[in-house]
Number of protein chains: 2
Amino acid sequence: MKALTGTTSDGRTVRRGAAVTRPGREATARVGRDATIYQVAARAGVSIATVSRVLRGTAPVADATRSRVLSAVDELRFTPSRSARSLAEGQHAANGIVFPDLSGPYFAEVVLGYEEVAAELGRSVLVLSTHGRQAARQMVMDLASRVDGLVILGRTVGDDVLADLAGRGLPLVLMARDPVASADTVSSENTASARALTAHLVHDHGYRSFAYLGNTTTSRDTSQRWAAFRSVLREAKVPVPRAPTPCSFDEEDGRVAADRLLRRKRPRALVCANDEIALGAVMAAEELGLAVPDDVAVTGWDDVMAARHSRPGLTTVRQPMRELGAWAARRLHERLAGDASEPRHEVLPTQLVQRASCGHHQKEHQ
Amino acid sequence: MKALTGTTSDGRTVRRGAAVTRPGREATARVGRDATIYQVAARAGVSIATVSRVLRGTAPVADATRSRVLSAVDELRFTPSRSARSLAEGQHAANGIVFPDLSGPYFAEVVLGYEEVAAELGRSVLVLSTHGRQAARQMVMDLASRVDGLVILGRTVGDDVLADLAGRGLPLVLMARDPVASADTVSSENTASARALTAHLVHDHGYRSFAYLGNTTTSRDTSQRWAAFRSVLREAKVPVPRAPTPCSFDEEDGRVAADRLLRRKRPRALVCANDEIALGAVMAAEELGLAVPDDVAVTGWDDVMAARHSRPGLTTVRQPMRELGAWAARRLHERLAGDASEPRHEVLPTQLVQRASCGHHQKEHQ
DNA sequence: GTCGTTCCTGTAAGCGCTTTCACTCCGCTT
DNA sequence: AAGCGGAGTGAAAGCGCTTACAGGAACGAC
């Protein structure tokens with residue numbers, strides 16, 4: 001290492017010095033300039049290559065050298081710069097998840113399941129909620145440049161964006177969305193369970209007039225449920241509502257929509273696109289002096305916590321929210337590990353949960 | 001631009017070529033190599049500096065040049081590399097949020113409020129849930145190297161980690177945690193509302209025997225509530241429980257803890273550290289054939305959705321969960337914008353929500 | 001005409017890592 | 001005694017941007 005060391009650290013010292021005095025850098029709140037690998041190398045009397053090797057364990061390093069490097073790292077509280085590493089490696093060791101809105105237990109649970117597995121696999125996770133903003137495309141593209149792979153929920157962004165992303169070779173996992181390009185997809189089962197739910201209402205309870213609450217254009221999940229709902233009614237020769245009663249996916253909107261609906265007609269059963277709408281609907285019914293389920297039956301979807309505690313207990317369909325996120329995280333990881341097999345389209349099972357809001361049963365569950 | 005252009009693009013072309021053929025790069029799933037600023041520059045017949053200027057708008061560029069660059073960008077579907085930009089700028093344009101666990105409506109709402117504001121301010125957000133993992137320190141440090149600022153909830157990590165982070169000049173906002181170093185903090189009001197809640201139970205309802213359910217060591221919030229609860233009892237000369245009944249913050253644990261407790265003693269009122277525990281406790285009471293609130297009163301904290309829908313309605317204290325996240329995001333942004341003023345310690349107001357689970361009132365809130 | 005000025009643009013030096021290549025020792029074989 | 005292979009290390013080229021600095025050109029003003 002003779003004179004070389006000196007040269008190295010000197011050369012670098014000059015650079016650093018120049019950088020520090022360099023004007024024009026906006027004054028961020030950052031104060032204590034982090035140590036760089038050059039400083040560590042200088043202190044340990046080795047080259048930066050060796051420091052890197054010690055830290056990453058990519059090549060044998062003599063014990064004596066290693067420990068010198070390690071103490072230098074320690075003394076300087078050195079933490080390698082993530083962006084420099086990413087730039088050099090061409091990887092981020094991070095992946096993202098995009099959803100239309102984080103509100104509501106559904107998205108929260110999905111993100112939880114995702115984060116847990118991703119963290120386990122050593123990947124950082126970036127979240128982006130588009131909130132239906134106009135700038136969604138831009139935001140997603142920006143996110144894309146920070147990650148190695150992306151999970152996208154529902155119809156957050158258009159097919160063109162997906163195609164663009166896929167075209168860049170960015171591994172994608174789509175959730176609750178129709179397959180696009182070469183991306184993997186995960187969703188939970190909708191058709192069979194929506195059929196089972198509707199059949200239960202028609203055949204076990206004998207209801208003959210229905211309404212469906214919820215938007216069916218913003219999500220593949222709900223449009224599938226709506227379609228299954230209709231087909232069961234049609235097959236049973238029960239009047240089929242022309243269209244769903246539009247309503248966004250929160251409680252207040254469910255309450256308002258149900259209130260308006262119940263003042264006009266009086267369907268015997270309200271099938272709602274998710275639990276929050278359903279809970280809002282129950283509230284609206286009670287405000288109008290209608291008893292649930294005796295005057296009007298109500299069902300939800302998801303089986304969120306409040307569904308279990310509400311009065312009456314809400315009949316709903318449980319979907320494996322965390323598992324959806326977890327599956328996506330695992331699949332993305334496989335892709336990033338080099339799996340180039342055909343896209344997979346996973347459908348996770350759901351479960352009909354009968355409680356009191358849809359009517360009284362023989363063996364009451366609640 | 002004469003021969004210069006040629007030189008530039010050539011020189012770069014050689015580099016790129018070398019990079020592409022360069023062996024050893026692990027085969028990630030990435031396929032379609034993204035375009036770089038060099039290719040855009042070559043195509044538009046300008047230097048990379050000009051491309052950068054067009055894209056960032058940092059200096060005047062002739063209209064003709066600008067449009068040539070823009071078309072090149074378009075044709076090549078160029079998206080600047082985020083890591084290169086971060087490295088050059090010394091900034092990430094991202095910030096992170098760390099919490100012990102994402103489960104439960106509380107954390108979900110905080111994160112939502114945070115994400116919404118951060119995104120609005122043009123910052124990407126990284127989330128990290130430590131899940132009480134051993135590697136928490138490592139994970140947080142890793143996260144720290146990817147962001148310009150960090151929000152940390154509760155006692156996720158030790159003071160030493162915080163000091164280290166702060167020492168590096170990383171702006172920090174602490175939530176629901178005792179002030180440390182020079183970090184800003186936000187929390188919601190605990191003492192006054194816990195006093196009001198307890199006083200209501202003692203004075204308005206006249207209860208004389210109490211239990212407190214929930215861990216008080218893992219969070220400043222709950223330990224403050226516990227302290228306030230005790231002091232009101234002491235002042236009212238009501239027997240004070242020696243210690244809280246330990247119980248983690250989920251429903252199932254609440255149910256189990258309450259079940260065990262109610263089989264031994266029979267406190268007249270159960271004050272719970274959050275709504276989930278309370279809901280679990282209500283369930284346990286009912287399973288034991290006890291009526292809520294007639295045999296045993298129960299109160300929660302947070303006012304999550306299920307609290308409103310449960311039977312009986314849960315008396316609780318509403319805390320501005322989203323606003324906590326939003327405040328943190330805004331404060332962090334101010335810090336990053338250069339605000340170097342004294343650390344702020346914000347306390348957001350809460351609100352006592354009286355429903356039926358604590359006993360019957362004159363004017364029933366339901 | 002000459003001399004600022006104002007506009008545009010290019011050159012090149014970083015930013016802080018990773019990794020290839022080359023080279024020096026050493027201990028062992030033949 | 002010459003050769004070989006492996007272990008350990010350093011030099012330097014990249015990774016893809018941003019930006020200070022240095023002109024060149026066009027335009028008025030005197």
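Throughout, a chain's letter reflects where its sequence line sits, starting with A, and its residues are numbered from 1.
By the 4.5 Å heavy-atom criterion applied to side chains, B:Thr185 and B:Pro343 are not counted as neighbours.
Using a 4.0 Å cut-off, some side-chain N or O of A:Arg56 falls inside it from OP1 or OP2 of C:dT19. For the pair A:Ser47 and D:dG10, the criterion of a side-chain N or O lying under 4.0 Å from OP1 or OP2 is met. Distances shown here put every side-chain N or O of B:Arg82 at or beyond 4.0 Å from the OP1 or OP2 atom of D:dC17.
A:Ser81 comes within 4.0 angstrom of sugar-phosphate atoms only, judged by non-hydrogen atoms across all strands, and of no base. Residue contacts shown for A:Thr50 are limited to sugar-phosphate atoms, with no base heavy atom under 4.0 Å away. Residue-level contact check: A:Ala49 touches the bases, meaning some heavy atom is under 4.0 Å from a base atom. Here A:Thr65 lies in heavy-atom contact (under 4.0 Å) with sugar-phosphate atoms only.
The environment of A:Arg77 atom CZ is sparse: at most 12 non-hydrogen atoms of other residues, nucleotides or ligands sit within 6.0 angstrom.
Ion pairing between A:Arg177 and A:Asp159 holds under the 4.0 Å rule for side-chain N and carboxylate O.
For the atom pair CG (B:Leu332) and CG (B:Leu150), the distance works out to 8.0 Å, reported to the nearest 0.5 Å.
Here the closest heavy-atom approach between residue B:Trp327 and residue B:Arg344 is recorded as CZ2-NH2, 3.8 Å.
For A:Tyr38 against C:dC15, no side-chain N or O and base N or O form a donor-acceptor pair under 3.5 Å. One can find a donor-acceptor pair under 3.5 Å joining the base of D:dG10 and the side-chain atoms of A:Arg53.
Base pairing in DNA chain D yields stems of at least 3 consecutive Watson-Crick or G-U pairs, both distances under 3.5 Å, namely C:1-30 with D:1-30.
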